[in-house]
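The structure under discussion appears below in the form of structure tokens.
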Amino acid sequence: MPELQKLNEQLASAEPEEILGWAIRSFPYQTAMTSSFQASGIVLIHMFRKISFDFPIFFIDTGYHFPETVDYKNRLVREWKLNVHTIVPMMPKAEQSRVHGPRLFERDPDLCCRLNKVEPLDALQKEIELKGWISALRRDQAETRKGLKPVMKDAQGILRIHPLLNWDRQKVWAYIDAHGLPTNPLYDQGYASIGCFPPCCTSKSEPGNDERSGRWAGKGKVECGLHSHLKNEK
Ligand code: SF4
């Protein structure tokens with residue numbers, strides 16, 4: 001495999017399907033996707049299914065998802081016959097409360113995200129041997145995502161692959177409309193980015209603001225930590 005810098009130059013303007021195709025060819029049966037079933041993720045899953053029918057999708061069930069999100073995910077699993085694996089936190093919620101106190105999401109959202117999202121995914125990555133992890137990050141979603149590359153290494157040396165990096169919100173929704181894809185009903189209620197249900201974690205965005213401006217609004221936090229450690233390796 002060419003070194004990352006060269007690879008990223010080659011993939012800089014590639015269409016999402018080309019990047020997905022490259023990933024499948026490069027790491028057959030060793031590529032998976034993580035998704036929280038938001039709009040960009042659905043576009044990617046729809047594209048991915050045309051290339052590989054039963055690729056694994058990992059859904060991190062923090063225990064704090066909106067019921068609408070879980071129902072929507074279950075509907076897609078059923079109707080699209082998706083190969084979805086659910087990851088759960090290693091420390092049950094009762095123990096989290098006992099050790100760290102109640103309503104951790106309000107008092108220390110970084111720790112809450114670490115316990116309920118980052119650590120379960122880290123543990124899974126150590127357990128199974130995958131080489132490529134695909135996710136639907138886009139540069140236009142937030143300032144924190146502008147410096148991402150199509151392919152980056154994470155802390156464990158696994159390649160994180162971002163086929164939709166060059167797409168913007170309009171393009172995602174145009175694809176959804178063009179293909180008649182179902183979406184999480186919470187979008188119709190004014191949410192632009194959908195995470196966990198506590199209002200301090202997910203709120204409705206003001207028109208014109210960053211898509212992720214409703215996430216941890218007022219907390220000085222913009223990412224859950226799943227992508228914060230990606231390296232710009234040469
Ligand atoms: S988004 Fe909120 S509730 Fe979900 S894991 Fe992070 S802090 Fe906890």
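Counting starts at 1 for both ligands and their atoms, in listed order.
Cation-pi geometry between K219 and F105 is not met at under 6.0 angstrom from the ring centre and within 45 degrees of the axis.
The closest approach between W216 and ligand 1 falls below 4.0 Å for a heavy atom of the residue.
Counting only heavy atoms of the protein, atom 4 (Fe) of ligand 1 lies nearest to C196 SG, 2.3 Å. Protein heavy atom at the shortest distance from atom 3 (S) of ligand 1 is Y64 CD1, 3.3 Å. Protein heavy atom closest to atom 6 (Fe) of ligand 1, with residue, atom name and distance, is C113 SG, 2.3 Å. With hydrogens left out, the protein atom closest to atom 8 (Fe) of ligand 1 is C112 SG, 2.3 Å, a heavy atom. Protein heavy atom nearest atom 2 (Fe) of ligand 1, with residue, atom name and distance: C201 SG, 2.3 Å.
Distance alone, capped at 3.5 Å, places no donor-acceptor pair between the T62 side chain and the N116 backbone. Checking side-chain atoms of S213 against main-chain N and O of N209 turns up no donor-acceptor pair under 3.5 Å. Side-chain N or O atoms of Y72 include one that pairs as donor or acceptor with a backbone N or O of P182 at under 3.5 Å.
No side-chain donor-acceptor contact under 3.5 Å links E15 and N166.
Considering only heavy atoms from C-beta on, I24 stays 4.5 Å or farther from Y29 through its side chain.
Close contacts of ligand 1 with P109, meaning ligand atoms under 4.0 Å from a residue heavy atom, involve 7 (S).
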